[in-house]
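In what follows, every heavy atom counts, from backbone to side chain, and hydrogens, waters and symmetry copies are set aside.
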Amino acid sequence: MSAEWELVVAELVSERGEALVRYAMLLTGDEQEARDMVQDALAATFGRLRNGFEVTQAEAYVRKAIANRFLDRARRGQRWRRIAPLVGERERVDSGSTLTGERLDMAARLQRLSPRERACIVLRYDEDRTVEQIAGELGISSGAVKRYLSDALGKLRVMLAREQEREARTLGEQQPAAPRSKEAGA
């Protein structure tokens, strides 16, 4: 007979597993890394016997574990980059299996934000959390959350404006020049 926590894990993975992966993918930008992060978060959450959980409570714990792991990895990465020689950025190849079109564009934009900014944006706009909930989940003040959100939104606006300018220039270059009349040249 299975323990109660094993049933909760099985139900959580079958019902909300893909949503957890999408959440982690918004943070990491890489599907395989997101799947690994979800697996790690599940193992950490249920590594010690956790009886008495409902699926919604378990999901909240796992989401918090995913966010914490993402921020921990980002901190370790920052430390490593300070001491390691510069290395070329690894090439990311997305199969397109879970992200398409505008979602791919937004995922690429999110990768250019700092880890805290990205976590705040994802929690606020993808998870629909309040500023206070985000602060509690990330262990920072609500003022810091507001600042991260403001900074991130400003950066995203600039990115979008630049993309629109590039697109307008590209479209302008592709349109043939209007024919000149003979009178205009005289």
In short, Leu27 meets Phe70 closest at the heavy-atom pair O-CE1, 3.2 Å
Please check if atom CD in Glu163 has more than 12 non-hydrogen atoms from other residues, nucleotides or ligands closer than 6.0 Å. yes
Within 6.0 Å of CD in Gln57, more than 12 heavy atoms from elsewhere: yes
How long is the straight-line distance from CZ of Arg147 back to CD of Glu117, given to the nearest 0.5 Å? 9.5 Å
Distance from Leu171 atom CG to Glu167 atom CD, nearest 0.5 Å? 5.5 Å
Between NZ of Lys64 and OG1 of Thr45, what distance do you get to the nearest 0.5 Å? 11.0 Å
Please test Leu20 against Arg63 for side chain to side chain contact (heavy atoms under 4.5 Å, CB included), starting from the C-alpha separation and ending with a verdict. CA-CA 7 Å; Leu20 291 170; Arg63 284 181 182 272; 3.6 Å; yes
Do Asp151 and Lys155 sit within salt-bridge range, that is, some charged N less than 4.0 Å from a carboxylate O? no
Sidechain-backbone polar pair: Ser150 side chain, Lys146 backbone, donor-acceptor under 3.5 Å: no
Single-linkage hydrophobic cluster, 4.5 Å side-chain cutoff, Leu160 and Tyr125 together: no
Please round to the nearest 0.5 Å and tell me the distance separating atom CG of Leu123 and atom CD1 of Ile134. 5.5 Å
Are Glu31 and Arg35 close enough for a salt bridge, meaning some N to O gap below 4.0 Å? yes
Can you give me the closest heavy-atom contact between Met159 and Leu113, atom names plus distance? CE-CD2, 4.1 Å
Got a donor-acceptor contact below 3.5 angstrom from the Arg129 side chain to the Arg124 backbone? no
Contact summary for Leu110 and Arg118, nearest pair of heavy atoms: O-NE, 2.9 Å
Given 3.5 Å as the limit, does a donor-acceptor pair link the side chain of Gln111 with the main chain of Thr28, or not? yes
I need the Asp40 CG to Glu33 CD distance, nearest 0.5 Å. 10.0 Å
Between Met37 and Ile66, the two heavy atoms sitting closest are SD-O, 3.6 Å
What is the minimum heavy-atom distance between Met25 and Ala34, and which atoms define it? N-CB, 3.4 Å
Side chain proximity check, Phe46 to Val62, heavy atoms < 4.5 angstrom: yes
Is there side-chain contact between Tyr148 and Ile140, with heavy atoms separated by less than 4.5 Å? yes
Under-4.0 Å salt bridge between Asp36 and Arg73: no
Do Leu12 and Tyr61 come within less than 4.5 Å of each other through their side chains, counting heavy atoms only? no
Ile121 side, atom CD1; Leu153 side, atom CG - distance, nearest 0.5 Å: 4.0 Å
